[in-house]
Amino acid sequence: MNKVYLTTAIPYVNGEPHIGHAMDYLLADVCARYHRLLGDEVKLQAGTDEHGGKIWKKAEELGISVEQYVDDNVKKFRDFIAKLDISYTDFVRTTDSNHERRCQEIWRILSDYIYKAEYEGWYCTGCERFVTEKEYEENHGVCPDHQKPYEKLQEENYYFKISDFKDRIRMAIESGEMLILPEFRKKEILRLLEDTPDVSISRPTSQLVWGVKVPDDDSQVMYVWIDALSNYLTALGYPEEDITDWWPPVAQFVGKDILRFHAIIWPAMLIVLGLPLPKTMVSHGMVLADGQKMSKSIGNVVNPVDVLDRHGLDAFRYYFLRHVDTFADSDFTWEKFEDAYNNELANDLGNLVQRLATLAAKNNFKFEEKLDFEFDNEYNDLMTKYEFAKAFDYAWNKIQELNRRIDEEKPWSLAKNGETEKLNECLSGLIRDLLRANYALSPFIPGATEKIFEIFSGEITPPEVPLFPKDFVA
RNA sequence: CGCGGGGUAGAGCAGCCUGGUAGCUCGUUUGGCUCAUAACCAAAAGGUCGUUGGUUCAAAUCCAACCCCCGCAACCA
C-alpha cells in the first residue's frame with residue numbers, strides 16, 4: 001500500500017471563504033478519493049494562514065482581539081470545508097503552538113542561508129506599508145488613499161538566499177523532478193525564476209507584531225513565507241517526527257496566484273532542509289463571473305454558499321469539477337450552473353437511475369452480482385495527469401451511453417413479450433455498467449454515487465424523490 | 001519589439017505537432033419512443049476555422065506579416 005500525501009493551499013483568513021478556495025479543496029479531495037479507491041493510504045492536509053498585518057488591522061478595526069478574530073474566521077473556513085465534504089485528515093492553524101514551534105525549528109535549520117540586510121523603500125504611514133517603485137511613480141510620490149507623500153524609510157529584514165538555489169530549482173523543474181502543471185505555468189515560472197531576488201522573510205516588530213517570532217531575535221517576526229509554507233511540513237510533525245513515509249507530497253494544489261512562491265521559495269527551503277521536492281505542483285485557474293474576475297469593487301462576487309444552497313453539494317461539486325477547467329480560468333454563471341444541473345445531472349444521470357430502478361422494480365429484478373470495480377486505462381491516465389475535468393467527462397460519457405443503450409435494447413418490449421431471460425440479461429448488463437460508471441464518478445460526486453450504489457443493492461426501488469429533482473429550491 | 005497563452009457554428013471547447021471531405025457538448029428545429037424527472041433516442045439546420053500573403057496537387061493544420069483578446073511581470077483566491 002502506497003502512502004500518499006496531498007496538500008491544499010492554506011487560505012489567509014481575512015475574509016469569507018469564496019469559490020476560489022473551493023476549487024483548491026475540491027481538486028485535492030478528488031485526488032485523495034481517487035487514491036483511496038486505488039488502495040493507497042492518503043493524508044490530505046488543510047489549514048489556515050492567520051498571521052500578518054492585515055489580520056491585525058482588521059481585528060483592530062472591529063475592536064476585538066486578534067485571537068478572537070482569527071478564531072471566528074477559521075470556524076467559517078472549517079464549516080465551509082465540511083460543507084464541501086472534503087476528506088482531509090490533518091488541519092494546521094499557523095497560530096497553533098505546535099506549528100509555531102516547528103516553524104522556528106525550520107528557521108534555525110535554514111539559518112545558514114538567512115542573512116540580515118537593510119531594506120530601503122517608499123513607505124506610507126497611513127497604509128503602514130512599503131510601495132513598489134512603480135507604484136510610487138504612478139502615484140507621483142503621493143499616496144492616493146491618504147493624500148500624504150511617501151517617505152523614504154529603512155528597516156532591517158532577514159533575507160533568504162534564494163539565489164544560491166536557482167540552478168538547482170531550474171533543473172528540478174526542467175527535468176520533471178518537480179512537475180509543474182499545467183505546462184504553460186511551468187514556462188512562466190522558469191522565466192520568473194531568472195529575476196527572482198533574495199526574498200525578505202521577516203519584519204521588525206515595530207512594523208508587525210502578529211507573527212511567529214524569529215528565533216533568537218526579539219526585534220523581528222517572520223513574514224508570511226517561512227511561516228505559511230512550513231505548514232506542509234509541520235502538519236506531519238516535522239521536524240520532531242519522522243516523515244519519510246509520507247514525504248514528498250505526491251501533489252500540492254495551489255491557485256495560480258501563489259504558484260510562484262510554491263515553485264521557487266518553497267523548493268529552496270526544502271533543498272536546505274535536505275528534503276525531496278514535491279512530485280507535482282498543480283496550479284488551477286480562477287473562477288470568473290461573466291468573464292470577469294470576481295471582485296468586491298465590481299460587485300460580481302458569487303458566494304459559494306449560495307451556490308451550495310441552490311441544488312446541494314453534488315451539484316456544486318459537479319459544476320466546479322466538470323465545467324470549470326482544471327487548469328485554465330473558467331466562467332461561472334447562474335445560467336450555466338442551472339443548465340448543467342437540469343440537462344446533465346437531472347436528465348442524464350438522475351433520470352437514468354430513475355428509469356433503470358423503475359424497470360427493475362416493475363419486473364421484480366434483483367441485481368445480485370458482486371462486482372470488482374476497476375478504472376479504465378483512459379480514466380486512470382487522465383487522473384494521473386491531474387486532468388480531472390477530462391476524466392469526469394470520460395466517466396460521464398458512460399452515463400450518456402447507457403441512456404442510448406436502453407433505447408436500443410428496449411427492455412420494456414422484452415417485458416411485454418414475456419422474454420424474461422433476455423430481460424434479466426439486459427437489465428443485469430445495464431445495471432452492471434451503470435455501477436461501473438458510478439464507481440468512476442465517485443471521487444467527484446461521492447454523495448450521489450453512494451446513493452446510487454444503495455438503490456441498486458438488494459431490493460431495487462426507485463427513489464420517491466428523484467436524485468436531482470428539478471423543482472428543488474432550498 | 002518584455003515573456004507566455006489564445007482567436008474554429010448562438011455559447012463553451014476539440015482538431016493544428018505527424019497537411020487530404022470541419023468535430024464534440026449545450027442551445028435551436030423536426031421526427032421517434034414510452035421504462036423515466038415535459039425526461040430519453042434519432043435526424044436536420046447552423047462555420048469564407050482573426051486578417052493578408054506565401055509554400056503545396058491540396059492549408060484550420062506548415063511559413064511570414066499584421067489585427068484583436070487574455071495571463072504573468074503588481075501581497076487580487
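Hydrogens, waters and symmetry mates play no part in the numbers below; they use all other heavy atoms, side chains included. In what follows, every chain begins at residue 1, and chains take the letters A, B, ... in the order their sequences are listed.
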When the [atom1] atoms of [N] and [M] are considered, how many whole Å apart are they?
N	M	atom1	answer
B:G15	B:A59	C1'	14 Å
B:U51	B:U8	P	10 Å
B:C41	B:C57	P	47 Å
B:G23	B:G46	P	13 Å
B:C49	B:U61	C1'	10 Å
B:C40	B:A22	P	30 Å
B:U29	B:A64	C1'	44 Å
B:U25	B:A44	P	13 Å

Report task. Measure the spacing between CD of A:E409 and CG of A:L402 and express it to the nearest 0.5 Å. Result ->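 Between A:E409 CD and A:L402 CG, I get 9.0 Å after rounding to 0.5 Å.
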
Using a heavy-atom cut-off of 4.0 Å across all strands, would you classify [X] as base, sugar-phosphate, or nothing?
X	value
A:P411	nothing
A:G350	base
A:K362	sugar-phosphate

Could you give the [atom1]-to-[atom2] distance, from [X] to [N], as a whole number of Å?
X	N	atom1	atom2	result
A:D407	B:G32	CG	P	14 Å
A:N343	B:C26	CG	C1'	7 Å
A:D331	B:U25	CG	P	22 Å
A:F337	B:G27	CZ	P	17 Å
A:F320	B:A77	CZ	P	16 Å
A:I258	B:C72	CD1	C1'	15 Å
A:D195	B:C72	CG	P	16 Å
A:N347	B:C40	CG	P	4 Å

Query raised in the report: For A:V224 and A:E408, take the nucleotide of RNA chain B holding the closest heavy atom to each; which residue's nucleotide lies nearer the 5' end?
Result: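 Counting from the 5' end, the first nearest nucleotide belongs to A:E408.
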
Query raised in the report: Which residue lies toward the 5' end of RNA chain B, A:K187 or A:K390, if each is placed at its nearest nucleotide?
Result: A:K187

Please pick, from [options], the nucleotide with the shortest atom-to-atom distance to any side-chain atom of [X].
X	options	result
A:K470	B:C72, B:G4, B:U37	B:U37
A:W412	B:C35, B:C3, B:A77	B:C35
A:D257	B:U37, B:A77, B:A42	B:A77
A:F184	B:C26, B:G4, B:U37	B:G4

Now, which nucleotide makes the Watson-Crick or G-U wobble pair with [N], with each of the two distances under 3.5 Å?
N	value
B:C26	B:G10
B:C16	none
B:C72	B:G2
B:C62	B:G54

Query raised in the report: Is the distance between the ring centroids of A:Y319 and A:F332 less than 6.0 Å?
Result: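 Yes, they do, as the ring centres are separated by less than 6.0 Å.
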
State whether [X] places a side-chain N or O below 4.0 Å from either non-bridging phosphate oxygen (OP1 or OP2) of [N].
X	N	answer
A:K256	B:A77	no
A:R260	B:A73	yes
A:N342	B:U37	no

Report task. Can you spot which of A:V13, A:I55, A:T94 makes a side chain to side chain contact (heavy atoms under 4.5 Å, CB included) with A:D49? Result ->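 One option only clears the test, and that one is A:T94.
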
**Report entry** Criterion salt bridge (charged side-chain N to carboxylate O under 4.0 Å, His left out) on A:R310 and A:D306, from CA distance to verdict
**Finding:** CA-CA 6 Å; A:R310 179 71 182 102; A:D306 290 345; over 6 Å; no

**Report entry** Any donor-acceptor N/O pair, A:K398 side chain to A:A437 backbone, under 3.5 Å
**Finding:**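 No, because the side chain of A:K398 does not come within donor-acceptor range (under 3.5 Å) of the backbone of A:A437.
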
Query raised in the report: Under the side chain to side chain donor-acceptor pair (under 3.5 Å) criterion, do A:E50 and A:T48 qualify, and how do the steps go?
Result: CA-CA 6 Å; A:E50 306 178 26; A:T48 40; 2.7 Å; yes

**Report entry** Exercise: identify the closest heavy-atom pair between A:Q354 and A:P463
**Finding:**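 For A:Q354 and A:P463, the tightest heavy-atom pair comes out as NE2-O, 3.1 Å.
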
Query - Side-chain donor/acceptor of A:N351 to base of B:A36, under 3.5 Å - result: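 Such a pair exists between side chain and base.
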
Query - Donor-acceptor pair (no angle test) under 3.5 Å: A:R355 side chain, B:C35 base - result: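 Answer yes: a donor N or O sits under 3.5 Å from an acceptor.
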
Query - Single hit among A:W396, A:Y341, A:F337, A:F444 for ring-ring contact (aromatic ring centres under 6.0 Å, His included) with A:Y318 - result: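 Of all the options given, the one that passes is A:W396.
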
